[in-house]
Enquirer: 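Attaching a single structure in structure tokens format; questions to follow.
Only this structure's heavy atoms are used, side chains among them; waters, hydrogens and symmetry mates stay out.
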Amino acid sequence: MLAKFTNLATKNNNIKMLALLHKSRTMKCLLTQLLLLHPPNFPNYFKNTHILNPPSVFSGFLGSNSRISFHRSRYFSEVKAMASIPKIVKNPESISYLNQREAAEVDEILMGPLGFSVDQLMELAGLSVATSIAEVYKSGEYNRVLAICGPGNNGGDGLVAARHLYHFGYKPFVCYPKRTPNPLYSGLVTQLESLSIPFLSVEDLPVDLSSSFDILVDAMFGFSFHGTPRPPFDDMIQSLVALRNPDQKHQKSPVIVSVDIPSGWHVEEGDISGEGIQPDMLVSLTAPKLCAKKFSGPHHFLGGRFVPPPIVDKFKLNLPAYPGTSMCVRIGKPPRIDISALRENYISPEFSEDQAEADPFDQFQKWFDDAVAAGLKEPNAMALSTTGKDGKPSSRMVLLKGVDKDGFVWYTNYESQKAHQISENPNAALLFYWDALNRQVRVEGPVQKVLEEESEQYFHSRPRGSQIGAIVSKQSTVIPGRQFLHQQQEELEEKYSDGSSIPKPKFWGGYRLKPELFEFWQGQPSRLHDRLRYSPVETDGTTVWKIERLSP
């Protein structure tokens, strides 16, 4: 709402509207941030309001603090003529790194001329750390988190991250031995206590962190720290270092996540002694610091999606693009994974015979409804496997478009590869996989075409673009390029631009698989999965379904 109001005010050069935003310090800060994010608005705004001294406007926004005023006037001269877009970097080798002086100056500008408050930046930083952790370490396997927080802003980032991790489904604990009396930090502690997040003293920490925690968040010291860590942080840093000692490699160690700077590292030179913390994940904030070049762990993320164009241009920053709405972005390539080590320990309710519906169609509908209710993307997606007379199987994903006691229906091109295979061998298999529910359903049986009237009715229920696409695509045939498709599409769109009905092509229609076998699979711990198979049995001239449990 504020953004719309401000854009309207600046667009119309309405001083009264802008004045309404000046009445509170919070509004002043937010307005400043919005204006600096839209530098193209400045020239007309200042020209039409006859303001010859632009910095004077910011005096009204930000007050008369001399330190801020100095940076404001100097900074505004650089911002005034700027209307550039932040440079987006795809090559991880060209990402910018900040030295200690630059990092401090960025913070000073953010909290000075750009109007950010410490608690705003801390909230964004902590959320970035939490989302980075959730991106790699899923709560089902890495649930117990210990956030070790120092007395400064880095520790505040850790406190905020702990709160977000709680809401993400993790079980956080906090060790905060040197509490800061500042109301901001006291408020963060109160928020965590209201969630019943345990605070552990140094004395309460277990000797062996490996057996008690899955993730250790190192939020002790940031880039502004100088000197040698003092008690109790010196011993805590050594405890994290000890987790990587060779004599403990036979144990499963918790992963270490460092916030912005691994505690004890030099902000520019890194782990000078070679005996410091070696985190598994580093979450750089705003922009990576020089020491991050020495980071050799598998996961390096950048967080802090709040850097405005003035900062980017002033420091000539090359930063990666953030995906979608995410608050974090991976820097560099993901680590090479040992495929043999990938495994998931499924945690699901047991699926027993007495819970199973007597009719497999009813059981399928029950599980399908669960998949829809869970919000899964395309729960009707299924793998269709067919085999021709050559005996070579082929699989692809198609979409279920109907199911009843007569079978499972999908639509396709009758001249495609799967259609040719079905004409040679009218037996096929379907597989539904609902990952979030740890469920699979296998269906096997003979296939036949649906009635032409049924295909006709479904074809005309589709969007006109999909109808044209079905005509354009001579599925599975070789074409000279994508432009070939676009050209045919444009020709057909022009042909039917009057809104007339688009005729269904003869080569397009539906298939129906009539099941002769169902298998319902529910993932369970230690690979002891539930597998219930339904097969038809004739009893007194009536077909009933026999349910059998299969070994996992």
Side-chain angles (χ1 to χ4, degrees), residues 138-141 143 339-387 391 393-410 422 425-448 511-552:
K138 304 306 179 184
S139 60
E141 185 177 356
N143 187 253
I339 296 177
S340 67
L342 291 175
R343 56 180 51 85
E344 180 76 22
N345 192 30
Y346 300 106
I347 306 296
S348 312
E350 290 187 356
F351 180 47
S352 58
E353 288 82 347
D354 61 348
Q355 295 173 324
E357 299 289 338
D359 188 313
F361 288 98
D362 294 336
Q363 183 61 48
F364 176 83
Q365 190 64 54
K366 184 177 180 180
W367 275 19
F368 184 82
D369 291 344
D370 288 345
V372 172
L376 304 188
K377 182 180 180 181
E378 292 192 322
N380 59 327
M382 57 186 186
L384 167 65
S385 297
T386 54
T387 306
S394 180
S395 298
R396 77 287 291 161
M397 300 301 295
V398 298
L399 296 177
L400 176 70
K401 288 300 176 181
V403 59
D404 54 30
K405 296 301 173 72
D406 291 327
F408 292 74
V409 176
W410 68 93
I422 290 172
N425 178 8
N427 293 288
L430 305 175
L431 173 64
F432 296 85
Y433 177 55
W434 298 310
D435 173 51
L437 300 176
N438 298 331
R439 288 174 175 174
Q440 299 180 60
V441 180
R442 294 176 53 231
V443 187
E444 297 176 3
V447 178
Q448 62 182 15
Y511 284 104
R512 175 178 283 105
L513 182 147
K514 186 173 181 60
E516 292 182 345
L517 179 144
F518 284 84
E519 183 189 319
F520 294 85
W521 181 98
Q522 177 77 70
Q524 295 296 345
S526 302
R527 295 296 185 265
L528 298 179
H529 311 307
D530 291 317
R531 295 177 62 190
L532 297 186
R533 180 177 64 189
Y534 289 72
S535 52
V537 177
E538 291 289 335
T539 302
D540 299 328
T542 303
T543 300
V544 296
W545 291 92
K546 179 175 66 173
I547 302 176
E548 299 172 299
R549 176 171 289 271
L550 302 180
S551 174

Enquirer: Evaluate whether atom CG of Asp354 has more than 12 neighbouring non-hydrogen atoms of other residues, nucleotides or ligands under 6.0 angstrom away.
Expert: yes
Enquirer: Without swapping roles, check the side chain of Trp545 against the backbone of Val537 for a donor-acceptor pair under 3.5 Å.
Expert: no
Enquirer: Answer yes or no: are there more than 12 heavy-atom neighbours, outside Glu350 itself, under 6.0 Å from its atom CD?
Expert: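 Counting other residues, nucleotides and ligands, CD of Glu350 stays at 12 neighbours or fewer.
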Enquirer: Please work out which of the three classes, parallel, tilted or perpendicular, describes the rings of Phe408 and Phe364, given edges at 30° and 60°.
Expert: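 Phe364 vs Phe408 ring planes: perpendicular.
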Enquirer: Return the minimal non-hydrogen interatomic distance between Trp367 and Gln522, and the atom names on each side.
Expert: CZ2-OE1, 4.0 Å
Enquirer: Below 4.5 Å, heavy atoms only, C-beta onward: do Val441 and Met382 meet side chain to side chain?
Expert: no
Enquirer: To the nearest 0.5 angstrom, please state how far the CG atom of Asn427 sits from the CD1 atom of Ile422.
Expert: 10.0 Å
Enquirer: Answer yes or no: is there a donor N or O on one side and an acceptor on the other, between the side chain of Gln363 and the main chain of Glu357, under 3.5 Å?
Expert: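 It does hold such a pair.
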Enquirer: Without swapping roles, check the side chain of Glu519 against the backbone of Gln440 for a donor-acceptor pair under 3.5 Å.
Expert: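 Not at all, since once roles are kept as given, no pair shorter than 3.5 Å links the two residues.
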Enquirer: When rounded to the nearest 0.5 angstrom, what distance separates CD in Glu548 from CD in Glu353?
Expert: 10.5 Å
Enquirer: Aromatic ring centroids of Phe520 and Tyr534 under 6.0 Å?
Expert: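 Phe520 vs Tyr534: aromatic centres under 6.0 Å.
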Enquirer: May I ask you to decide if Ser352's main-chain N or O and Asp530's side chain share a donor-acceptor pair within less than 3.5 Å?
Expert: no
Enquirer: Closest approach of Arg396 and Thr386, non-hydrogen atoms and distance?
Expert: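 The answer is NH1-OG1, 3.0 Å.
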Enquirer: So, for Ser348 and Asn438, which heavy atoms are closest and what is the spacing to 0.1 Å?
Expert: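 So the minimum-distance heavy-atom pair works out to OG-ND2, 2.9 Å.
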Enquirer: Got a second to check how far Leu430's CG is from Ser395's OG, nearest 0.5 Å?
Expert: 10.5 Å
Enquirer: Consider only side-chain N and O atoms of Gln365 and Asp369, and report whether a donor and an acceptor are under 3.5 Å apart.
Expert: yes
Enquirer: Kindly compute the distance separating CG (Asn345) from CZ (Arg527), expressed to the nearest 0.5 Å.
Expert: 7.0 Å
Enquirer: Does any N or O in the side chain of Asn425 come within less than 3.5 Å of the main-chain N or O of Thr387, such that one atom is a donor and the other an acceptor?
Expert: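 Yes, the answer is positive, given that a donor and an acceptor are paired below the 3.5 Å cut-off.
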Enquirer: Of all the heavy-atom pairs spanning Ala429 and Leu513, show the shortest one and how long it is.
Expert: N-CD1, 4.3 Å
Enquirer: Whether the Ser535 and Arg533 side chains hold a donor-acceptor pair (N or O, under 3.5 Å, no angle test) is what I'd like checked.
Expert: no
Enquirer: If I compare all heavy atoms of Leu399 with all of Ala381, which pair ends up nearest, and what's the gap?
Expert: CD2-CA, 3.8 Å
Enquirer: When you measure from the side chain of Arg531 to the backbone N and O of Arg549, does any donor-acceptor pair fall under 3.5 Å?
Expert: no
Enquirer: Is the distance between the ring centroids of Trp521 and Phe432 under 6.0 Å?
Expert: no
Enquirer: Verify the neighbour count for atom CD of Gln448: are there more than 12 heavy atoms of other residues, nucleotides or ligands below 6.0 Å?
Expert: no
Enquirer: Look at the aromatic rings of His529 and Tyr346 and report parallel, tilted or perpendicular, splitting at 30° and 60°.
Expert: perpendicular
Enquirer: May I ask you to decide whether Glu516 forms a salt bridge with Lys514, counting only side-chain N to carboxylate O separations under 4.0 Å?
Expert: no
Enquirer: Main chain of Thr542, side chain of Asp540: is a donor-acceptor contact present, judged purely on distance under 3.5 Å?
Expert: no
Enquirer: How long is the straight-line distance from CG of Leu384 back to CE of Met397, given to the nearest 0.5 Å?
Expert: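 Answer rounded to 0.5 Å: 10.0 Å.
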Enquirer: Which distance, rounded to the nearest 0.5 Å, do you find between the CG of Leu437 and the CG of Asp435?
Expert: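 The CG atom of Leu437 sits 8.5 Å away from the CG atom of Asp435.
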Enquirer: Does the side chain of Lys401 reach to within under 4.5 Å of the side chain of Asn380, using non-hydrogen atoms?
Expert: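 With C-beta onward as the side chain, the pair touches.
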Enquirer: Restricting to non-hydrogen atoms, name the atom on Pro536 and the atom on Thr543 that form the minimum distance, rounded to 0.1 Å.
Expert: CB-CG2, 3.8 Å
Enquirer: Are Phe351 and Leu532 packed together at the side-chain level, in the sense that at least one heavy-atom pair is separated by less than 4.5 angstrom?
Expert: yes
